[in-house]
S.K.: 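Below is the structure I would like to discuss, written out as structure tokens.
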Amino acid sequence: MNFQVKNILGAMVLIGLNTNALADELPDRQQALPSVQKQAEHLYLQSAALADIPAGEFGDKVRLGYQLFVNTQQLRDKHVGNELNCVNCHLNAGNKANASPLWGAYFAYPAYRKKNDKVNSFEERLQGCFTYSMNGKAPESGSKELVALSAYSYWLGMSGLMLQHNVAGPVPELSDSELVKGAKRDDFILPEAISSKMDQNALAQLPGRGYPAVPKAEQAYSPERGAKVYQAHCQSCHGDDGQGQMIAGIAALPPLWGPQSYNWGAGMHRVGTAADFIYENMPLGKSVQLTPQQAWDVSSYINSQERPQDPRFKGQVTDTQKQYHQHDGYYGKTISGQVLGSDSSANFPKK
Amino acid sequence: MNKTIIAATFVSSVLSIQVSASVPDVSPKELQQTVPAAAQICVSCHGAQGQGLEGAGPKLAGLSSAYMAAQVKLFQSGNRQNPLMQPMAMMLQGDNIKIAADYFASQPVVEVGLHYRGDKVVIENPAEKLAYQGDWSRDLPACFSCHGPSAVGAELFPRLAGQQASYLKIQLEAWQKGTRKGDADNMMANVANKLTAVEIDQLAQYFASLK
């Protein structure tokens with residue numbers, strides 16, 4: 001096999017990675033992703049089948065990553081503080097285009113993030129979803145869990161690229177320390193058949209990455225109209241109280257607000273991000289297609305309900321709001337006489 | 001209306017034979033004591049404990065009262081069509097719907113081993129694969145998402161585990177033919193319509209085998 005080492009700008013990126021970590025400040029790793037234009041189906045990466053994950057130690061890490069991703073509740077009380085699983089928002093086990101697929105993410109890190117003013121490795125991005133989306137306590141850098149989730153993401157992306165570019169043979173194995181970095185670095189080795197066709201920027205913006213932007217709606221979004229959309233098209237699965245449906249002890253249909261859902265720091269609490277996700281992916285299996293207006297309205301409805309506190313909260317809602325909530329969210333706003341964030345449930349509560 | 005009554009009498013007289021034949025350990029007198037009046041007519045097809053009688057009526061034990069009450073209403077409104085069950089549903093009115101549904105919902109079911117998404121990475125059985133992973137190339141979500149671990153169900157998401165294979169198959173076909181309707185936003189119709197005839201057979205066998 002022909003490998004080519006890429007060598008532009010890498011040193012800078014890696015230095016930033018090592019020196020800029022702020023030990024006790026919780027940075028914002030939940031910034032809006034650049035929304036990639038929606039593409040025709042055939043352009044999306046198609047990963048190899050799970051049955052093709054190789055036997056052996058590397059394959060075992062990939063398999064564990066898959067299992068943690070679809071059943072994150074096995075980490076409840078250790079790293080997870082709500083009823084959610086990663087797969088609830090990254091559909092089809094992180095494989096679905098336009099549902100923020102892992103194969104789209106892996107080649108986009110390490111990445112500089114303006115809001116925490118540092119370069120985030122892939123594992124740091126994973127930690128972000130543990131802290132906020134899972135309302136938990138993220139596994140440590142280099143931990144078995146982050147290595148496994150990184151290995152799974154890498155395997156999905158690399159097997160997909162190899163299939164797309166007719167590269168034969170097994171997905172090249174990486175060490176744990178390489179796996180958790182992500183692939184947007186100059187010392188990342190790609191088969192030549194791929195690197196000759198796609199540069200780092202193309203790989204970081206694979207079609208289908210993230211949630212595509214929902215078209216603008218005619219009217220400003222409204223939680224009141226959203227409540228009606230919710231009753232008509234969401235309630236049957238997510239419950240009239242937004243708490244989803246427990247089946248045999250697990251939230252098969254996940255909660256959208258309240259103590260068991262994502263917290264006030266999670267990407268999904270932003271009206272725009274959730275509207276993007278909903279427009280593209282909900283109702284599940286798309287038995288109806290919402291209009292953009294309905295998606296915006298229902299997003300504002302579910303995101304103007306109480307949920308677990310923003311983990312960066314230091315005692316004053318107004319302070320947290322000023323520092324971290326200058327965007328399209330309801331944190332710190334008054335809804336039916338109640339300041340959202342003032343009565344939030346705990347971060348990382350025990351079950 | 002006349003037709004309904006005739007059908008109902010016909011059916012109940014035919015099936016009263018079955019009561020004595022299939023449930024020998026429960027005498028008619030005992031039935032009267034344990035089964036509420038509203039539900040007595042049902043046992044001829046669904047069994048005294050709602051365990052179901054192959055060929056006559058599906059298993060009701062394991063379904064929630066809310067789901068069963070909703071289904072009775074769907075038979076009444078013609079959204080579900082069945083020559084045996086529709087006349088029965090017409091006879092059940094008012095509070096009796098809930099009384100009968102509560103009774104069958106409280107009947108015991110065999111416990112099944114619970115299997116969760118991710119327990120297996122590679123799944124050979126095609127029905128089990130659809131149940132746990134779906135097929136997103138057709139926008140087909142996993143049955144697990146709505147029917148839960150081992151499809152034991154809850155509330156308005158019915159249990160499929162241990163249900164009769166023939167019944168499960170007829171239901172999936174009924175959605176495809178348009179003779180079963182009334183599920184919220186066609187959510188189950190949307191799933192059933194994407195299944196092939198072979199998959200329906202495999203899925204029906206698979207869920208029936210979970211006992």
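Computed from heavy atoms alone, side chains included, the values below leave out hydrogens, waters and symmetry copies. Just so you know, these numbers come straight off a predicted model, no measurement behind them.
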S.K.: Return one line per donor-acceptor pair between chain A and chain B under 3.5 Å, naming both atoms and the distance rounded to 0.1 Å.
M.R.:
{"residue": "Y66(A)", "atom": "OH", "partner": "Q133(B)", "partner atom": "NE2", "Å": "3.0"}
{"residue": "Q67(A)", "atom": "NE2", "partner": "G118(B)", "partner atom": "O", "Å": "2.8"}
{"residue": "H233(A)", "atom": "ND1", "partner": "D185(B)", "partner atom": "OD1", "Å": "3.3"}
{"residue": "H233(A)", "atom": "ND1", "partner": "D185(B)", "partner atom": "OD2", "Å": "2.7"}
{"residue": "A248(A)", "atom": "O", "partner": "Y116(B)", "partner atom": "OH", "Å": "3.4"}
{"residue": "G285(A)", "atom": "O", "partner": "N190(B)", "partner atom": "ND2", "Å": "2.8"}
{"residue": "S287(A)", "atom": "OG", "partner": "D185(B)", "partner atom": "O", "Å": "3.2"}

S.K.: By a 4.5 Å heavy-atom criterion (distance strictly below it), what part of L114(B) contacts chain A: side chain, backbone, both, or neither?
M.R.: side chain

S.K.: Looking at every heavy atom in both V152(B) and I247(A), which two are closest together, and how far apart are they?
M.R.: CG2-CG2, 3.9 Å

S.K.: With only heavy atoms counted, which part of A93(A) is less than 4.5 Å from chain B, the side chain, the backbone, both or neither?
M.R.: neither

S.K.: For L91(A), is it the side chain, the backbone, both, or neither that has a heavy atom closer than 4.5 Å to a heavy atom of chain B?
M.R.: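 Answer is side chain: those atoms of L91(A) sit under 4.5 Å from chain B.
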
S.K.: So which residue, C237(A), P254(A), A232(A), G285(A), ends up with the most heavy-atom pairs under 4.5 Å with chain B?
M.R.: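 The candidate making the most pairs under 4.5 Å is G285(A).
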
S.K.: Less than 4.5 Å to any heavy atom of chain A: does that hold for the side chain of F157(B), its backbone, both, or neither?
M.R.: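 The answer is the side chain of F157(B).
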
S.K.: Go through P149(B), G134(B), A142(B), G148(B) and name the one with the most non-hydrogen pairs under 4.5 angstrom from chain A.
M.R.: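 Sorted descending by pairs with chain A, the first entry is P149(B).
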
S.K.: Counting only non-hydrogen atoms closer than 4.5 Å, does I250(A) touch chain B with its backbone (N, CA, C, O), its side chain (CB onward), both, or neither?
M.R.: side chain

S.K.: Under 4.5 Å, counting heavy-atom pairs only, tell me which of L68(A), V87(A), I53(A) racks up the most with chain B.
M.R.: V87(A)

